[in-house]
K.L.:
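Before we start, here is the structure in question, set down as structure tokens.
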Amino acid sequence: MLTLQMKDAPFIRDPLSQAGCGHAWRSVNGGTAAILDEKTKSWKKLVNIAVSGAAGMISNHLLFKLASGEVFGQDQPIAFKLLGSERSLQALEGVAMELEDSLYPLLREVSIGIDPYVIFEDADWALLIGAKPRGPGVERAALLDINGQIFAEQGKALNAVASRNVKVIVVGNPCNTNALICLKNAPNLSAKNFHALTRLDENRAKCQLALKAGVFYDKVSNMTIWGNHSTTQVPDFLNAKIDGRPVKEVIDDTKWLEEDFTITVQKRGGVLIQKWGRSSAASTAVSIVDAMRSLVTPTPEGDWFSTGVYTTGNPYGIAEDIVFSMPCRSKGDGDYELVKDVIMDDFLWGRIKKSEDELIAEKRCVAHLTGEGNAFCDLPGDTMLPGEM
């Protein structure tokens, strides 16, 4: 069943009712087709996944990975709730048609629409990918305001209609401050359930360390990205490990670690655009899957992962009331805890404070969207990420 949520009333098209595809699709009133086999009887309760920017390239890679069971496993049925705009509604219908034609048994429903108050209803996960790209001549401060308004509205919608335990991953840039805006506009939801995606940065850092050390990437662990998803981000080689050993014991090249490694991770996206002519949609989709899986799968003993989370109460001395990428562990229940057993040196802490300063400045710039008075923009330089243009 494809539910097309329009401005005035829902328009429902049910192409599978005559197609004989063998799917048990939920009807709009909650009923279920009578075809149930022994396998589906043992399945878990349906999980509702809302995705904004669902007609874009990142979603085009992501949705099919989720529908295949890569995150939740082969006994977890899901429903997609896909949010777009009036301009993208026809493209969204095409996305839904492709999903139908792929015959994913776990995918029980696809709904598309342009109203977040409808699409986010009962959402268990909200993947907020859609954001306005940065055009020529647009200042970063202006981009913060334009996209901030989008995420303020989506935060209000989540607050009103989503599951009270909805997990929110903000991908649209500038994702840290967009996540802050979103959670501030959802006061009835736990701030701990909001994340800014920095997993792609973590994956890139692991790749560079593995290449330098001449090992496969799965030998790299305890990789933290600290701070903002911008060129002030801090890939932490001090706490990272290669095959269980501190990176600095394996890679005896401090200059490379402090300069080449850090800069390569920070600017990897720009190099990719120069080489390929497009942004990193596929690897971003992979990193979203990784980020979700890290929250629903117990973290391996002694390891951790990076995600941008609310800083209030953090053990590191980082400024409170911002969204900052930090090392986390999960028991696999969707929740997380901050890792306390990390070490700091002057180099690492200095870089962290620079990223903190930037996020505090961004927060002042969007004060009118977080209920904290008038905005005042004094951003410390332009640190846009490649791909924002």
Side-chain angles (χ1 to χ4, degrees), residues 52-53 128-135 137-156 168-187 191-192 194-201 224-235 262 265-267 269-270 284 306-314 316-326 349-389:
S52 75
L128 306 184
I129 300 171
K132 183 178 176 63
R134 184 173 179 176
V138 176
E139 296 293 331
R140 186 173 175 86
L143 185 71
L144 280 163
D145 180 60
I146 293 167
N147 280 329
Q149 293 181 48
I150 295 171
F151 286 89
E153 181 65 19
Q154 291 181 356
K156 292 173 184 175
V168 183
I169 299 180
V170 176
V171 181
N173 284 318
C175 65
N176 291 62
T177 297
N178 286 342
L180 180 68
I181 293 167
C182 196
L183 73 86
K184 289 289 187 177
N185 283 276
K192 201 176 181 187
F194 288 77
H195 299 257
L197 183 75
T198 57
R199 188 54 171 267
L200 179 56
D201 305 310
T224 307
I225 299 295
W226 297 91
N228 198 5
H229 180 61
S230 75
T231 54
T232 68
Q233 66 178 259
V234 187
T262 298
V265 175
Q266 290 171 338
K267 298 187 176 182
T284 299
S306 301
T307 182
V309 293
Y310 195 50
T311 54
T312 296
N314 79 87
Y316 314 114
I318 293 166
E320 302 206 336
D321 203 35
I322 55 177
V323 171
F324 201 90
S325 185
M326 298 182 284
W349 186 244
R351 293 292 182 94
I352 287 173
K353 296 300 286 186
K354 181 178 179 181
S355 201
E356 177 194 90
D357 289 344
E358 180 180 60
L359 281 167
I360 292 171
E362 287 188 11
K363 179 187 171 185
R364 287 195 293 264
C365 208
V366 298
H368 60 301
L369 298 172
T370 59
E372 298 178 16
N374 296 324
F376 173 71
C377 285
D378 57 342
L379 297 176
D382 194 334
T383 58
M384 71 171 188
L385 280 173
E388 281 187 7
M389 292 297 288

K.L.:
Who pairs with R364 by side chain to side chain donor-acceptor pair (under 3.5 Å), at least two apart in sequence or on another chain?
P.N.:
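Testing R364 for side chain to side chain donor-acceptor pair (under 3.5 Å), a comparison that skips the adjacent residues, returns D378.
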K.L.:
What verdict does the side chain to side chain contact (heavy atoms under 4.5 Å, CB included) test give for D201 and S306, after you've listed the backbone C-alpha separation in whole Å, the side-chain angles of each residue and the deciding distance to 0.1 Å?
P.N.:
CA-CA 9 Å; D201 305 310; S306 301; over 6 Å; no
K.L.:
Determine the minimum heavy-atom distance between N228 and Q233, stating which atoms define it.
P.N.:
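For N228 versus Q233, the nearest heavy atoms are O-CB, 3.1 Å.
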K.L.:
Looking at every heavy atom in both N173 and H229, which two are closest together, and how far apart are they?
P.N.:
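That closest heavy-atom pairing would be OD1-CD2, 3.0 Å.
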K.L.:
Excluding sequence neighbours, so at least two apart, what forms disulfide (SG to SG under 2.5 Å) with C365?
P.N.:
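Scan of C365 (disulfide (SG to SG under 2.5 Å), adjacent residues dropped) gives C377.
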K.L.:
To the nearest 0.5 Å, how far apart are CG in L379 and CG in D357?
P.N.:
12.0 Å
K.L.:
For N314, what residues pass the side chain to side chain donor-acceptor pair (under 3.5 Å) criterion, not counting sequence neighbours?
P.N.:
none
K.L.:
To the closest 0.5 Å, what do you measure between SG (C175) and CD1 (I169)?
P.N.:
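Answer rounded to 0.5 Å: 11.0 Å.
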K.L.:
Applying side chain to side chain donor-acceptor pair (under 3.5 Å), can you list everything that pairs with T198, at least two apart in sequence or on another chain?
P.N.:
S325
K.L.:
State which residue, out of I318, T224, I352, fulfils the side chain to side chain contact (heavy atoms under 4.5 Å, CB included) condition with M326.
P.N.:
I318
K.L.:
Where is the tightest heavy-atom contact between H195 and K192, given as atom of each residue plus distance?
P.N.:
NE2-O, 4.0 Å
K.L.:
Grab the two heavy atoms, one from K132 and one from L143, that are nearest each other, plus how far apart they are.
P.N.:
O-CD1, 3.4 Å
K.L.:
Working to the nearest 0.5 Å, report the span between CZ of R351 and CH2 of W226.
P.N.:
15.0 Å
K.L.:
Could you grab the distance from atom CG of N185 to atom CG of L180, nearest 0.5 Å is fine?
P.N.:
9.5 Å
K.L.:
Walk me through whether K363 and L359 qualify under side chain to side chain contact (heavy atoms under 4.5 Å, CB included).
P.N.:
CA-CA 6 Å; K363 179 187 171 185; L359 281 167; over 6 Å; no
K.L.:
Return all side-chain donor-acceptor pairs below 3.5 angstrom for residues 149-156, not counting sequence neighbours, or 'none' if the list is empty.
P.N.:
residue	atom	partner	partner atom	Å
Q149	NE2	D145	OD2	3.1

K.L.:
Tell me the closest heavy-atom pair linking L369 and L144, and the distance in Å.
P.N.:
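Nearest pair, atom of L369 first, then L144: CD1-O, 4.5 Å.
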K.L.:
Measuring from L197:CG to T284:OG1, what's the distance to the nearest 0.5 Å?
P.N.:
7.0 Å
K.L.:
Which residues pass the side chain to side chain donor-acceptor pair (under 3.5 Å) test with S52, sequence neighbours left out?
P.N.:
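So S52 forms no side chain to side chain donor-acceptor pair (under 3.5 Å) with any residue.
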K.L.:
Measure the CG-OH distance between D321 and Y310 for me, rounded to the nearest 0.5 Å.
P.N.:
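D321 CG to Y310 OH: 3.5 Å, rounded to 0.5 Å.
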K.L.:
How close do Q266 and T231 get, counting heavy atoms only, and between which atoms?
P.N.:
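Minimum heavy-atom contact is NE2-O, 3.0 Å.
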K.L.:
Partners of A179 by side chain to side chain contact (heavy atoms under 4.5 Å, CB included), sequence neighbours excluded?
P.N.:
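V170, A196, V323.
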